[in-house]
Amino acid sequence: MSVALDLETGSDYGSSHGRAYWAVADCWNAVRRGLTHYQRQPVYIVWQLGFPIVSVLLYGYVFGSAMKVPGGGDYREFLMPGMFAMTMAFGFMNTAVAVVTDSTRGVIDRFRSMPMAPSAVVTGRGVGDLLTAVAELLILAATAFAIGWRWDSGFPGALGAFGLLLLLRFSLIWVGVWLGLLVPGPEAAGNLFAVAFPLTMISSVFVAPSLMPDWLGTVAAWNPVSSTVTATRELFGNPVASGGTWPEEHALLLSVAWPVALTAVFVPLAVRRFQRLSR
Amino acid sequence: MNEHAVLAEAIQKRYGEKGKKGRSGRKGSRGESGERGGTYALDGFDLAVRRGTVHGLLGPNGAGKTTAVRVLATLLRFDGGRAEVAGVDVARDPRRVRSRVGLAGQYAAVDEIFTGRQNLEMFGRLFHLGSRRAALRAGELLEQFDLVEAGGKGVGEYSGGMRRRLDLAASMILAPQVLFLDEPTTGLDPRGRGEVWDAVRALVAGGTTVLLTTQYLDEADKLASRITVIDQGRAIADDSPAELKNTVGGDRIEVVVAEHADIPAAVEAVARVADAAVETDDAARRVHAVVSDRVAALTEVARTLQDRGTAVEDIGLRRPSLDDVFLRLTGRRTGADAGPEADADGDVATGVKEGVAA
Ligand SMILES: Nc1ncnc2c1ncn2[C@@H]1O[C@H](COP(=O)(O)OP(=O)(O)O)[C@@H](O)[C@H]1O
Ligand SMILES: [Mg+2]
């Protein structure tokens, strides 16, 4: 009856490929879906990068000369790793919004009613978001480079720093998936900014914690975002401005430990939420 | 293979686990603390859909239609009973069921940002068709659902009817043996509704079995060869549309007069054409009765009232609605049990009421 279906129906039944093959193939198809979104809406990626780019220019030029980096160093050099980490941190909102949009529109239900690998709904999102994050980092780094930011360490250090940034983003994918399945609708997801904003402000992104009131400085120093920021500053060879506190002195350790801990907590939570869809 | 494409026996479904709340926990929270009670969304639900037919699942808001469809389409686990879809046991082999069914949920599950064609190709690849066949199939479906021209446009620009048709097309990618359609026309204007009806008819002509849920008796009547009425998670009637309409007594004429004082005059005029007792609703100044010859009755009543100079606010023919069926079967009106969002007027509010032609 149909040209396309003459052959064999497309289910994996009777196909020579195993489940593992389809888990990867379906994941890739889901990734392609996410990337095609950007292709059709390039404006969206501009919006997404708009905030960090504007922040770079605003903080770099408007406050740049007034802001002092404790221990010396150029504020713009100090700021850039913070901007990179902030962009990664805000990424969890994109994940959450994408997930809640798909779930309220019934797209996730359709995926679940299809013979595709159920894991692809989540893995496709994760891989797609990581690829997006790579693109974001490249664009931000290019912008930063254009206004004079340099890494003073070798190439391996810089690579390690970008790796840490992506690790943070990776751990937040699971927070985003969990939140996306938790909140009732895309409108509610907009309120996540209220969480994201302090999460990045009360950290070492813009200012060294040692310049904050004691209690706030402690919170900021322990913030997972700060650990990534401080560690990447070290790896890039940018001014670090450590206040000498334990979390600042062990930033490299924490910049791995925090994301690992977040992943360990939120992967099971997200999976549980996903399974709960069928209860 | 047996003669039934869908078979459900005594299905029990209760949302969430004990003490835990589901995604929309507030809904199920009524009797959450207790054991049994209002918490079963499906409570001994039976259904038998014959192969190659359209079967209507008719019920008011909150009756359990969506739950039934989601259980049968393997999206929800159930707690008791047995279900078989396309010859496969739903609980035992959900993956095999998924390769044989299609689902179009209550909201058009298409990607707003993609074009129609991109949507179908994407779903085709996820159905493991491979890029080349996915593209071929997308072309076929766009043609079948009359979306060839719209295929290159973003779905964001589609009308409600077009979106629904695209959604139907997406659920048809593997030419499934059984297709579940959950309220496919809710929220559509009459034109969009007609488009979807045509698409459904074409599907059945191609041999697909369709289980369609609806709140509208006339929709089930137009499309389905058999109707199951569902209430509080249980099937309370299972009949042909003709039989079901017979139990409610066919079409009605309805007159709303401008003044209370005119009610007796209207009763008298309607009584002359009525098949059964004339009913009045004083508060709404409404007089109605079952009639057999629709058009003759309407003309007659309109003329009589005009001759007497009775001021008429509204006059029309009304097909029996779910509300009528429901009242007859349960003694309750549909609005009574549903949530606050329930539309008490059912079909009347959605344009099934036919105005006077002349
Ligand atoms: N996710 C859910 N969690 C808890 N209760 C639910 C959920 N979905 C539906 N219900 C309840 O189950 C019953 C049946 O709902 P549903 O199947 O959606 O009815 P219909 O589709 O006929 O309107 C209603 O009482 C509804 O409130
Ligand atoms: Mg429903």
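All chains are named by letter (A, B, ...) in the order of the sequence lines, taking the proteins before the strands, and each is independently numbered beginning at 1. Quantities reported herein were computed from a predicted structural model and do not represent experimental measurements. We use all heavy atoms of the structure for the numbers below, so side chains are in, but hydrogens, waters and symmetry mates are not.
If you measure heavy-atom distances from B:Ser171 to chain A, the contacts under 4.5 Å come from both the backbone and the side chain. Only the side chain of A:Arg110 comes within less than 4.5 Å of a heavy atom of chain B; its backbone N, CA, C and O stay farther away. Contacts between B:Gln144 and chain A at a heavy-atom distance below 4.5 Å are absent for every atom of the residue. Within the 4.5 angstrom heavy-atom criterion, atoms from both the backbone and the side chain of B:Asp167 approach chain A. Contact annotation for B:Ala135: neither backbone nor side-chain heavy atoms come within less than 4.5 Å of a heavy atom of chain A. The contact between B:Phe123 and chain A is made by backbone and side chain atoms together, counting heavy-atom distances below 4.5 Å.
Listed options B:Ala109, B:Ser131, B:Ala108, B:Gly130 were ranked by heavy-atom pairs under 4.5 angstrom with chain A; first place goes to B:Ala109. Options B:Lys13, B:Arg98, B:Gln118 differ in how many heavy-atom pairs under 4.5 Å they form with chain A, and the most are formed by B:Arg98. Counting heavy-atom pairs under 4.5 Å between each of B:Val101, B:Val110, B:Asp111 and chain A puts B:Asp111 at the top.
For B:Thr53 (side chain) and B:His55 (main-chain N/O), no donor-acceptor pair under 3.5 Å exists by modelled atom type.
In summary, the side chains of B:Thr209 and B:Arg51 do not present any donor paired with an acceptor at a separation below 3.5 Å, with no hydrogens or angles considered.
Partner A:Arg169 forms a side chain to side chain donor-acceptor pair (under 3.5 Å) with one of A:Thr132, A:Thr95, A:Thr228 and no other, that one being A:Thr95.
In terms of heavy atoms, B:Leu212 sits closest to B:Pro184 at CD1-CG, 3.6 Å.
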Using the rule given for side chain to side chain contact (heavy atoms under 4.5 Å, CB included), can you reason through A:Leu130 versus A:Ile173, listing the C-alpha separation, both sets of side-chain angles and the distance that settles it, and then say yes or no? CA-CA 9 Å; A:Leu130 274 184; A:Ile173 286 170; 3.9 Å; yes

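Taking the six-membered ring wherever Trp is involved, the centroid distance between the rings of B:Tyr15 and B:Tyr40 does not fall below 6.0 Å.
For OH of A:Tyr38, the number of neighbouring non-hydrogen atoms (other residues, nucleotides, ligands) closer than 6.0 Å is greater than 12.
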